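The model shown is predicted, which means the values in this text are computed figures rather than measured ones. Chain identifiers are assigned alphabetically (A, B, ...) following the order of the sequence lines, protein sequences preceding nucleic acid strands; residue numbering begins at 1 within each chain.
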Amino acid sequence: MPFRLHDSLTNALLPLPERTPGETSLYVCGPTVYGYIHVGNARPAVVFDVLVRHLERGGRIVRYVRNFTDVDDKIIQVAVENGEEPRAVSERFIAAYRDDTASLGCRPPWAEPRVSEHIPAIVAHVEALIAKGFAYATPDGDVYYDTAKFADYGKLSRRDLRAQDAERGRGKAGDGKRGEFDFALWKSAKPHEPAGARWPSPWGEGRPGWHIECSAMSHALLGDGFDVHGGGPDLKFPHHENEIAQSEPVYGAPMARSWMHNGFIEVDIEKNASFSDEVLALLPALKEADPELRKISKSDGRRLAELRARDASTLTPEDRAVIAVLERKVQFGQWFQLRRLRERVDGEAVRLWILGTHYRAPLSFDLSETADGPVFPALDQAEKRLEYLYDTRVKLAAKIASGGRGPASGKPALVATFEKLVRDFDAALDDDLNTAGALDPFGQVFGAANKLCDTKKPDPRDLDAADAAIDHLTAVLGLAEGDPEAFFARVTARRVKTRNLDAAHIDDLVRQRTAAREGREFLRADELRAELTALGIELRDGASGTAWRAV
RNA sequence: GGUGCGGUAGCCAAGUGGCCAGGCAAUGGUUUGCAAAACCAUGAUACGUGGGUUCAAAUCCCAUCCGCACCUCCA
């Protein structure tokens with residue numbers, strides 16, 4: 001079956017566009033590097049990584065470009081606050097981004113352009129827009145895009161933005177803008193802004209506005225009318241709408257042949273919350289009065305601190321309910337950051353969790369509070385599943401290596417089954433990258449492989465078919481493809497650390513138990529096991545001794 | 001108000017007209033010195049609600065309720 005992909009522009013499932021036969025040109029909007037990324041940023045990173053892997057597995061060459069926006073107001077703000085150069089800020093968070101996405105099992109794109117390296121091209125692009133009458137400079141040295149001039153403005157988000165603009169009154173937009181939706185192509189440098197964030201231009205020193213970099217860089221690396229433009233759902237408007245408006249008048253052709261947006265990650269602060277009945281009763285009215293309470297915002301921490309600073313006796317029940325909600329919001333805000341979340345769950349589990357839902361459907365981020373701190377039910381489940389996948393790979397490799405094979409006579413029972421499951425898997429991915437659907441045959445392959453390992457003398461051809469199928473599946477989804485020992489070492493080390501366990505002490509208890517077992521003192525051995533179980537340690541007695549894991 | 005995505009069993013989540021999703025949790029079993037892991041078996045009148053079309057609806061049509069998000073810089 002040919003690959004079909006949902007196109008956000010037409011809202012239809014279309015065959016994969018192909019500007020050059022056998023090749024796919026893909027541009028995905030990357031992060032603005034002013035801070036650590038959160039789980040919402042993780043989703044497009046993972047989704048597009050799987051898209052690329054699947055297309056490449058199908059024999060295509062994929063030109064995958066994902067930019068770093070390293071010139072931006074927010075970066076300047078962080079730099080000024082910290083008294084460092086903007087460049088230092090962006091470098092630090094580019095490194096952090098790479099580390100975080102690597103933990104998610106994402107491979108680096110084909111190209112990772114940065115705004116700071118494309119300033120001349122951006123200036124030239126702005127000049128072209130002015131020359132064609134789509135942009136205007138103000139006396140202050142700013143340049144704005146004139147949205148009224150672009151007839152298709154709003155086509156991606158399917159909104160009649162120009163009518164809205166007229167309704168709200170052009171000329172009243174302020175900032176020297178002619179229309180409300182006009183946006184900055186070039187921003188003049190302000191006196192307090194650092195030297196590392198200003199570049200010369202025909203309109204004076206300044207920097208590119210947000211949006212223009214993607215038009216310039218996608219063109220520089222992929223040219224006109226490339227195949228797929230992707231990104232997070234919030235970028236649809238205004239970012240991608242503006243990219244279209246900037247690119248199409250200059251190049252006279254659709255910017256991209258298709259648009260791909262993933263769904264949001266939703267945070268429901270009420271779900272699994274341990275709010276008191278009083279709070280629950282007050283909540284609907286409070287949310288009605290203050291919609292800000294619904295969503296996580298940067299001001300939550302400050303607001304919470306203010307309320308806590310007040311004399312407790314002056315707090316109304318409503319105030320106390322707001323405090324409870326704010327506490328929950330702040331907690332979510334912290335753990336939503338991937339770097340923080342990785343203290344509790346493996347990046348690869350985050351990947352499996354993301355791939356368990358179709359990329360366009362909403363995905364909810366769950367957090368439950370326990371006596372031992374926050375737990376993430378869906379992510380913990382994914383991590384357990386990953387342990388199963390890696391365990392299976394270990395078992396299969398051991399079975400193949402140990403020569404525990406039967407005669408290659410008769411007919412192999414499972415070769416065709418494995419081949420069919422792989423076909424089902426590929427077919428699910430071909431259908432608009434249905435990773436959740438693909439996890440069905442994926443799981444069945446692992447189940448069948450496990451079963452095969454439990455049989456006494458499996459047919460070698462079946463074993464090889466299982467091995468080949470697993471290679472294929474894990475490489476495409478980027479799950480359980482690493483070294484199993486490294487995975488278990490990583491996960492156990494993290495758990496030992498979060499629970500303040502002493503690995504040497506555990507090793508010692510395990511040794512004592514082994515000695516007891518060898519002396520057939522099973523009572524003593526079971527006591528030691530119980531002690532370890534209480535610590536959250538699981539023992540696995542095997543042919544090559546006893547291994548332990550934190551669970 | 002506009003735009004978009006959803007509501008499927010205890011939880012998560014595929015599926016767009018007829019055939020089994022799958023995972024987690026649960027229960028019983030095989031195995032094991034005992035466990036763990038693995039495997040086997042078992043579920044449940046599952047499709048927000050009310051109508052309609054059809055031999056047949058989670059799937060199509062109409063109505064309606066609920067949730068989430070975006071609507072100038074958060075992926």
Side-chain angles (χ1 to χ4, degrees), chain A residues 8 11 28-32 35 37-45 47-48 69 72-74 154 156-161 163-164 173 177 180-184 209-211 230-239 241-242 261-268 270-272 294-298 336 352-353 356-358 360-364 366 377-378 380-382 384-385 387-388 391-392 394-395 424 428 431 434-444 447-455 517 520-523 525-526 529-530 532-533 537-542 546-549 551:
Chain A
S8 310
N11 213 359
V28 177
C29 293
T32 301
I37 61 166
H38 54 67
V39 177
N41 303 279
R43 194 172 191 188
V47 165
F48 289 102
T69 297
D72 180 86
D73 294 355
K74 292 190 287 278
L156 180 65
S157 45
R158 275 181 283 282
R159 295 168 208 198
D160 195 349
L161 295 163
Q164 251 179 286
K177 290 201 286 187
E180 169 138 12
F181 289 101
D182 291 2
F183 54 90
W210 186 45
H211 315 305
D234 56 332
L235 296 180
K236 218 173 183 180
F237 183 87
H239 185 58
E241 202 71 73
N242 292 352
H261 295 97
N262 59 272
F264 277 99
I265 294 196
E266 297 180 348
V267 171
D268 183 353
E270 288 175 56
K271 193 168 181 178
N272 299 328
R294 289 165 180 272
K295 52 187 173 187
I296 313 275
S297 87
K298 283 178 187 144
F336 202 54
L352 175 55
W353 169 69
T357 300
H358 185 94
R360 286 191 286 120
L363 174 56
S364 70
D366 291 343
D380 291 343
Q381 183 182 319
K384 279 189 70 172
R385 184 68 178 158
E387 290 180 53
Y388 168 82
D391 268 331
T392 305
V394 171
K395 260 169 88 172
D424 290 348
D431 185 14
N434 188 353
T435 54
L439 283 173
D440 177 354
F442 183 94
Q444 287 189 42
N450 236 315
K451 197 167 159 181
L452 192 61
C453 291
D454 284 349
T455 59
R517 287 179 77 213
R520 301 196 66 79
E521 300 172 52
F522 292 123
L523 235 58
D526 288 350
R529 171 200 290 289
L532 286 159
T533 304
I537 300 303
E538 178 180 287
L539 296 177
R540 296 177 164 221
D541 296 331
T546 298
W548 64 267
R549 283 183 197 164
V551 291

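Scanning for side-chain contact (heavy atoms from CB on, under 4.5 Å) contacts around A/K451 gives an empty result, with sequence neighbours left out. Residues forming a side-chain contact (heavy atoms from CB on, under 4.5 Å) with A/P233 (at least two apart in sequence, or on another chain): A/N262, A/F264. Evaluation of the salt bridge (charged side-chain N to carboxylate O under 4.0 Å, His left out) rule for A/R43 yields no partner, not counting sequence neighbours. In this view, A/W210 and A/H239 satisfy the ring pair (Phe, Tyr, Trp, His ring centres under 6.0 Å) rule, not counting sequence neighbours. Under the ring pair (Phe, Tyr, Trp, His ring centres under 6.0 Å) criterion, A/H38 pairs with A/F336, not counting sequence neighbours. Residues passing the side-chain contact (heavy atoms from CB on, under 4.5 Å) test with A/R360, sequence neighbours excluded: A/H6, A/H358, A/D432. Under the salt bridge (charged side-chain N to carboxylate O under 4.0 Å, His left out) criterion, A/D380 pairs with no residue, sequence neighbours left out. Taking the salt bridge (charged side-chain N to carboxylate O under 4.0 Å, His left out) definition, one finds that A/K395 meets it with A/D454, sequence neighbours left out.
Atom CD of A/E266 is separated from atom P of B/G4 by 17 Å (rounded to the nearest Å). Nucleotide B/A37 holds its C1' atom 7 Å from the CG atom of A/D391, rounded to whole Å. In this structure, A/E521 atom CD and B/A35 atom P are separated by 20 Å, rounded to whole Å.
Base-pair partner of B/G18: B/C55 (Watson-Crick or G-U wobble, both distances under 3.5 Å). With a 3.5 Å ceiling on both atom-pair distances, the Watson-Crick or G-U wobble partner of B/G1 is B/C71. Base pairing of B/C11 is made with B/G23, judged by Watson-Crick or G-U wobble geometry with both donor-acceptor distances under 3.5 Å. As the counterpart of B/G6, B/C66 is assigned, both hydrogen-bonding distances of the Watson-Crick or G-U wobble pattern falling under 3.5 Å. Partner assigned to B/A36 is none, using Watson-Crick or G-U wobble distances below 3.5 angstrom.
Residue A/K384 is the one, among A/K384 and A/K451, whose nearest nucleotide of RNA chain B lies closer to the 5' end (criterion: closest heavy atom).
Side-chain atoms of A/L363 and A/W353, non-hydrogen and from C-beta on, do get closer than 4.5 Å to each other. Contact of the A/R540 side chain with the A/D391 side chain is registered, since non-hydrogen atoms from C-beta on lie closer than 4.5 Å. You'll find the side chain of A/R517 reaches within 4.5 Å of the side chain of A/D541, heavy atoms only. Taking the side chain as every heavy atom from C-beta outward, A/L439 and A/L352 approach each other to under 4.5 Å.
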Anything under 3.5 Å between a protein N or O and an N or O of nucleotides 30-33 of chain B, put it in a table, one pair a line.
residue : atom : partner : partner atom : Å
B/G33   : O6   : A/R513  : NH2          : 3.3
B/G33   : O6   : A/R517  : NE           : 2.9
B/G33   : N1   : A/D526  : OD1          : 3.0
B/G33   : N2   : A/D526  : OD1          : 3.1
B/G33   : N2   : A/D526  : OD2          : 2.4

Atom pairs, protein N/O to nucleotides 41-43 of chain B N/O, distance under 3.5 Å:
none

Using nucleotides 73-75 of chain B, report all nitrogen or oxygen pairs with the protein that are shorter than 3.5 Å.
residue : atom : partner : partner atom : Å
B/C74   : OP2  : A/K74   : NZ           : 2.1
B/C74   : O2'  : A/H38   : NE2          : 3.1
B/A75   : OP1  : A/N41   : OD1          : 3.4
B/A75   : O4'  : A/N41   : OD1          : 3.0
B/A75   : O2'  : A/G232  : N            : 2.4
B/A75   : N1   : A/I265  : N            : 3.3
B/A75   : N3   : A/G40   : O            : 2.9

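B/C60 and B/G18 are spaced 14 Å apart, taking the C1' atom of each and rounding to whole Å. Between B/C74 and B/C40, the distance separating the two P atoms is 49 Å to the nearest Å. Between the P atoms of B/G48 and B/C11, the separation comes to 14 Å (whole Å). The separation of B/G17 from B/A57, taken at their C1' atoms, amounts to 6 Å, rounded to a whole angstrom. Using atom C1' as the reference point in both B/U49 and B/A35, the two lie 49 Å apart (nearest Å). Using atom P as the reference point in both B/A25 and B/U32, the two lie 24 Å apart (nearest Å). B/C47 and B/A9 are spaced 8 Å apart, taking the P atom of each and rounding to whole Å. For the P atoms, the distance linking B/G51 with B/U3 amounts to 30 Å, nearest Å.
Taking every heavy atom of both residues into account, A/G356 and A/A436 meet most closely at O-CB, 3.2 Å. Residues A/T435 and A/T357 come closest through the heavy atom pair OG1-O, 3.8 Å. Between A/L156 and A/E241, the shortest heavy-atom contact is N-OE2, 3.1 Å. The heavy-atom pair separating A/D366 from A/P377 by the smallest distance is O-CD, 3.8 Å.
Taking only side-chain nitrogens and oxygens, A/N11 comes nearer than 4.0 Å to OP1 or OP2 of B/C5. Within the structure, every side-chain polar atom (N or O) of A/K395 is placed at least 4.0 Å from both OP1 and OP2 of B/A38. Under 4.0 angstrom from either OP1 or OP2 of B/C39 there lies at least one side-chain N or O belonging to A/Y388. Contact annotation: A/K236 does not reach the phosphate of B/C71 (side-chain N/O to OP1 or OP2, under 4.0 Å). Between A/R158 and the phosphate of B/G2, there is no side-chain N or O to OP1/OP2 separation shorter than 4.0 Å.
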### Summary
B/S/- along nucleotides 10-22 of chain B (protein heavy atoms under 4.0 Å) is --SSSS-----BS
